Number of protein chains: 2
Amino acid sequence: MNAVERLSDYGIKPSVQRIAIMEYLMTHRTHPTADEVYMALCDSIPTLSKTTVYNTLKLFVDQQAALMLTIDDKLVRFDGDTSLHSHFLCRRCGRVHDLPYSGKKREARELQIEGHAVEEIHHYYKGICRECKEKENLN
Amino acid sequence: MNAVERLSDYGIKPSVQRIAIMEYLMTHRTHPTADEVYMALCDSIPTLSKTTVYNTLKLFVDQQAALMLTIDDKLVRFDGDTSLHSHFLCRRCGRVHDLPYSGKKREARELQIEGHAVEEIHHYYKGICRECKEKENLN
DNA sequence: TTACAGGTTTGTACTGATTACAATTTTAAT
DNA sequence: ATTAAAATTGTAATCAGTACAAACCTGTAA
């Protein structure tokens, strides 16, 4: 699946900017911030505006073509992988790693929890990631 | 357990401000923002500074006497209940409701997931809360 | 009592991510 | 080719949160 197909799957009209941003999300599983997306693309699209990046990422989230992660209290991150999975934020290196969804399988399909209509599930974990732990142990 | 006891349990020296803020967190399970805490207390402590509220809440979180919730992308919220539980954000009324922790019991005691050292677990759910759904159905 | 030292609080100024908005450009249809 | 609608852009503004230095306590020891 390419970026254009994915956009139209979610009812988003393609444009140079939208395709580039979606492509970036699809090929970089780093959970980038809006600024990181902008910095990565502004060379290849010199006229790109930061406002467009913000608007476009918001559009993707509204259309459910991307996830907005608020795991970090400073920065909002975005994830092009909308499948049900969890996230791990390393307080050492600041990276966000994907984890398989660890909740009850049943719950993920439930529309209701305690009478509330659930539309989004976010499972976040924080700590020190494997790579940072291994580096630490070398010292 | 009163606020002063709770502070000393977490190695925090009591002061008028710290006691008032901890007391507010203990008696208001609304997951308030720093600004909400400030607005609630500035009448009874007229000299209270917003910086103090921010600093104190940060101190509580660092000492693990409170939780910082980043369920909302706009505002950081605080929770005086540090027991393992989940949260539901209603996109209609904006309130955050508590939910029992629904993850696997095993996982909560694990220090590691996929090799990462887990220090914090945050399970967030978003949607429309029961009260808002019921109000909606009346119309 | 006085003076000092440490920690705490305060107010102001600043930062930096995000948004509002109006102008410009592009797209699509007639 | 015209025109309307949609998309993009740049600038200015917003506003939660923070840095910093001055002022203020609190306890201790001369």
Side-chain angles (χ1 to χ4, degrees), chain A residues 3-4 7-8 10-24 31-63 65-78 89 94 96, chain B residues 3-4 7-8 10-24 30-63 65-79 89 94 96:
Chain A
V4 176
L7 289 176
S8 74
Y10 286 95
I12 299 167
K13 285 206 303 189
S15 71
V16 171
Q17 293 84 347
R18 289 172 179 179
I19 294 166
I21 293 171
M22 179 54 81
E23 202 145 57
Y24 186 84
H31 316 90
T33 64
D35 195 64
E36 285 166 356
V37 174
Y38 172 76
M39 294 307 275
L41 298 178
C42 64
D43 281 337
S44 52
I45 307 175
T47 64
L48 185 65
S49 161
K50 203 172 273 192
T51 300
T52 300
V53 175
Y54 276 102
N55 288 343
T56 302
L57 289 169
K58 184 180 189 317
L59 174 70
F60 289 179
V61 172
D62 288 346
Q63 300 296 336
L67 297 179
M68 180 174 59
L69 308 185
T70 59
I71 192 172
D72 190 321
D73 60 315
K74 305 289 170 195
L75 307 161
V76 173
R77 295 165 174 279
F78 296 89
L89 172 65
V96 173
Chain B
V4 176
L7 289 176
S8 74
Y10 286 95
I12 299 167
K13 285 208 303 190
S15 71
V16 172
Q17 293 86 345
R18 290 173 178 177
I19 294 165
I21 293 172
M22 178 53 81
E23 201 145 57
Y24 186 84
T30 55
H31 316 90
T33 65
D35 195 63
E36 284 166 357
V37 173
Y38 172 74
M39 294 308 274
L41 298 179
C42 65
D43 281 337
S44 52
I45 308 176
T47 64
L48 186 64
S49 160
K50 203 173 272 192
T51 299
T52 299
V53 176
Y54 277 102
N55 289 343
T56 302
L57 289 169
K58 184 179 189 317
L59 174 69
F60 290 0
V61 172
D62 288 345
Q63 301 294 336
L67 297 178
M68 179 173 60
L69 308 184
T70 58
I71 191 171
D72 189 321
D73 61 316
K74 306 289 171 199
L75 306 161
V76 173
R77 295 166 174 280
F78 296 88
D79 191 346
L89 171 65
V96 173

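Note on naming: letters A, B, ... go to the chains in the order of the sequence lines (proteins, then strands), and numbering restarts at 1 for each one. Note that the coordinates shown come from a computational prediction; the quantities given were computed from them, not determined experimentally.
Atom CD1 of I71(A) is separated from atom CD1 of I71(B) by 13.0 Å, given to the nearest 0.5 angstrom. With rounding to the nearest 0.5 Å, the separation of CG in N55(B) from CG in D62(B) is 10.5 Å. Distance check: L57(B) CG to T52(B) OG1 gives 10.5 Å after rounding to the nearest 0.5 Å. Note that CG of L48(A) and CD1 of I21(A) are 6.0 Å apart. Values are rounded to the nearest 0.5 Å.
Residue G94(B) comes nearest to L89(B) through the heavy atom pair O-CD1, 3.5 Å, listed as atom of the first residue, atom of the second, then distance. Taking both residues in full, the closest heavy atoms of L7(B) and P14(B) are given as CD1-CA, 4.1 Å, listed atom of the first, atom of the second, then distance.
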Apply side chain to side chain contact (heavy atoms under 4.5 Å, CB included) to residues T33(A) and Y38(A) and explain how you reach the verdict.
CA-CA 9 Å; T33(A) 64; Y38(A) 172 76; over 6 Å; no
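Under a 3.5 Å cut-off, the side chain of T70(A) and the backbone N or O of T70(B) do form a donor-acceptor pair. In this structure a side-chain-to-backbone donor-acceptor pair under 3.5 Å is present from R18(B) to K13(B). For the pair R77(A) (side chain) and H31(A) (backbone), a donor-acceptor distance under 3.5 Å is present.
If you take CG of L75(B) and P of dT14(D), they are 18 Å apart, rounded to a whole angstrom. Look at CG on L69(B): it is 16 Å from C1' on dA16(D), rounded to the nearest Å. One can place CG of D35(B) at 9 Å from C1' of dA16(D), the figure rounded to the nearest angstrom. At whole-Å resolution of the value, CG in D62(A) and C1' in dA7(D) are 16 Å apart. In this structure, CD1 of I45(A) is placed 16 Å from P of dA7(D), rounded to the nearest angstrom.
In this model, the phosphate group of dC15(D) is not approached by any side-chain N or O of K74(B) to a distance below 4.0 Å at OP1 or OP2.
When side chains are defined from C-beta on, T47(A) counts as touching I45(A), because their heavy atoms get closer than 4.5 Å.
Using a 4.0 Å cutoff on non-hydrogen atoms, the parts of residues 48-60 of chain A near DNA chain C are T51(A), Y54(A), ordered by number. Within residues 16-24 of chain B, the residues that have a heavy atom under 4.0 Å from DNA chain C are, in order of number, Q17(B), R18(B).
T47(B) comes within contact range of the sugar-phosphate backbone alone, with a heavy-atom separation under 4.0 Å but no base atom that close.
Along DNA chain C, read 5' to 3', the first and last nucleotides having any atom under 4.0 Å from a heavy atom of chain B are dG7(C) to dT19(C).
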